[in-house]
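Taking it in order: structure first as structure tokens, then the write-up.
Being a predicted model, the structure only gives us computed values, none of them experimental. FYI, side chains are in, hydrogens and waters are out, and symmetry mates aren't considered; it's all heavy atoms of this structure. Both ligands and their constituent atoms are indexed starting at 1 by order of listing.
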Amino acid sequence: MVSFTSILTAAVAAATAVVASPLELINRGIQPGTGNHNGFFYSYWTDNRGTVDYNNGPRGSYKVSWSNVNNWVGGKGWNPGPPRKIAYNGTWNNYNVNSYLALYGWTTNPLVEYYIVEAYGTYNPSSGTTKFRTLESDGGTYDVYRTRRVNQPSIQGTATFDQYWSVRQVKRVGGEITTQNHFDAWSASGLKLGSWNYMIMATEGYQSSGSAEIEVRQA
Ligand SMILES: *[C@@H]1O[C@H](CO)[C@@H](O)[C@H](O)[C@H]1NC(C)=O
């Protein structure tokens, strides 16, 4: 993810240039940022290229469509996001474009961005990385990877940090995720986590167009 500063600058410029009625703003979906909605935390971030129409829905649901973006990610969950068993369902059909459906979160000290990937499109995020191990959880086999991000956007601004990945070998849309199983497998691989920051059931799009409607809840 990229910093909010450039987005805010662009948003201020756009807001100054165009006066929209409140109804028009509602119809366009919520603005990038984080907040609480219907008892869930949400985060929606974009590097502001292309268009994203992100809308929070009932309970832990959201609906999004995106067009010609460079990079966007968002969804609903919890903040902080300690280990919990979650369930999710919905529609995500982006197999032919670059997109992820993943339980996505952050820790601090150390700063870590993590993904439990349930489905991905044309790009497997573990491409070109070394597999640490596999784990069995919630009826599937996941491969564990680590990648490193150097001077990249993070929840603490531009930083250098690791990304931990569990990537489900057989993609699916809907089911339960016992996060503790993944945290344990990462820990056993020497991949240390820090203090819990947010955790969301995220959709991400990279240089693509697509759509999704996803609902998350405590299992
Ligand atoms: C998730 O499942 C619930 C229960 O069946 C259903 O009411 C809801 O519409 C589903 N959410 C999505 C986003 O499909």
Side-chain angles (χ1 to χ4, degrees), residues 1 23-46 50-69 71-106 113-125 137-142 165-182 197-206 208-219:
M1 53 142 51
L23 184 60
E24 282 176 312
L25 289 172
I26 288 167
N27 288 341
R28 281 183 213 156
I30 69 161
Q31 302 302 303
T34 61
N36 293 296
H37 184 266
N38 285 353
F40 288 81
F41 172 83
Y42 71 87
S43 173
Y44 155 38
W45 172 88
T46 168
T51 56
V52 181
D53 185 17
Y54 175 92
N55 296 274
N56 286 318
R59 302 176 300 275
S61 73
Y62 63 92
K63 185 174 187 175
V64 62
S65 61
W66 69 96
S67 178
N68 298 316
V69 298
N71 190 198
W72 91 274
V73 59
K76 269 176 155 180
W78 298 269
N79 189 11
R84 68 179 77 218
K85 186 169 185 173
I86 69 105
Y88 74 96
N89 63 294
T91 307
W92 180 101
N93 188 359
N94 301 296
Y95 297 101
N96 296 322
V97 301
N98 196 339
S99 176
Y100 304 147
L101 174 64
L103 191 69
Y104 167 85
W106 291 87
E113 181 179 39
Y114 66 82
Y115 290 80
I116 301 170
V117 179
E118 295 284 284
Y120 58 86
T122 49
Y123 183 76
N124 182 337
S137 186
D138 306 294
T141 304
Y142 293 77
W165 301 86
S166 282
V167 181
R168 203 173 194 277
Q169 289 180 354
V170 178
K171 301 171 190 176
R172 67 171 178 174
V173 179
E176 294 184 341
I177 303 174
T178 308
T179 57
Q180 187 69 58
N181 293 342
H182 298 270
N197 202 275
Y198 71 74
M199 176 174 82
I200 59 174
M201 192 67 210
T203 299
E204 178 158 2
Y206 186 75
S208 64
S209 303
S211 63
E213 188 170 1
I214 294 294
E215 176 168 351
V216 68
R217 67 182 189 276
Q218 176 94 35

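The distance criterion of under 3.5 Å between nitrogen or oxygen atoms is not met by Ser61 with respect to ligand 1.
Proximity to Asn89 (heavy-atom distance under 4.0 Å) selects the following atoms of ligand 1: 1 (C), 2 (O), 3 (C), 8 (C), 10 (C), 11 (N), 12 (C), 14 (O). Distances below 4.0 Å separate heavy atoms of Glu213 from the following atoms of ligand 1: 13 (C).
Shown here, atom 4 (C) of ligand 1 is out of close reach of the protein: none of its heavy atoms lies under 4.0 Å off. By the definition of a contact as any protein heavy atom under 4.0 Å away, atom 11 (N) of ligand 1 is in contact.
Closest to atom 8 (C) of ligand 1 among all protein heavy atoms lies Glu215 OE1, 3.4 Å. The nearest protein atom to atom 7 (O) of ligand 1, hydrogens excluded, is given as Arg59 NH2, 3.8 Å; this is a heavy-atom distance.
The aromatic rings of Tyr115 and Trp165 sit parallel to each other, their planes meeting at less than 30°, with 60° as the upper class boundary.
Rounding to the nearest 0.5 Å places CG of Asn38 at 8.0 Å from OG of Ser61.
Between the side chain of Tyr62 and the backbone N or O of Met201 there is at least one donor-acceptor pair closer than 3.5 Å. A distance-only check finds a donor-acceptor pair linking the side chain of Ser209 to the backbone of Asn68 [under 3.5 Å].
Annotation: side chain to side chain donor-acceptor pair (under 3.5 Å) contacts involving residues 76-88, sequence neighbours excluded, comprise His37-Lys76, Arg84-Gln218, Lys85-Glu176, Tyr88-Glu118.
By the neighbour-count criterion of 12 heavy atoms within 6.0 Å, atom NZ of Lys63 is sparsely surrounded, having that number or fewer from other residues, nucleotides or ligands.
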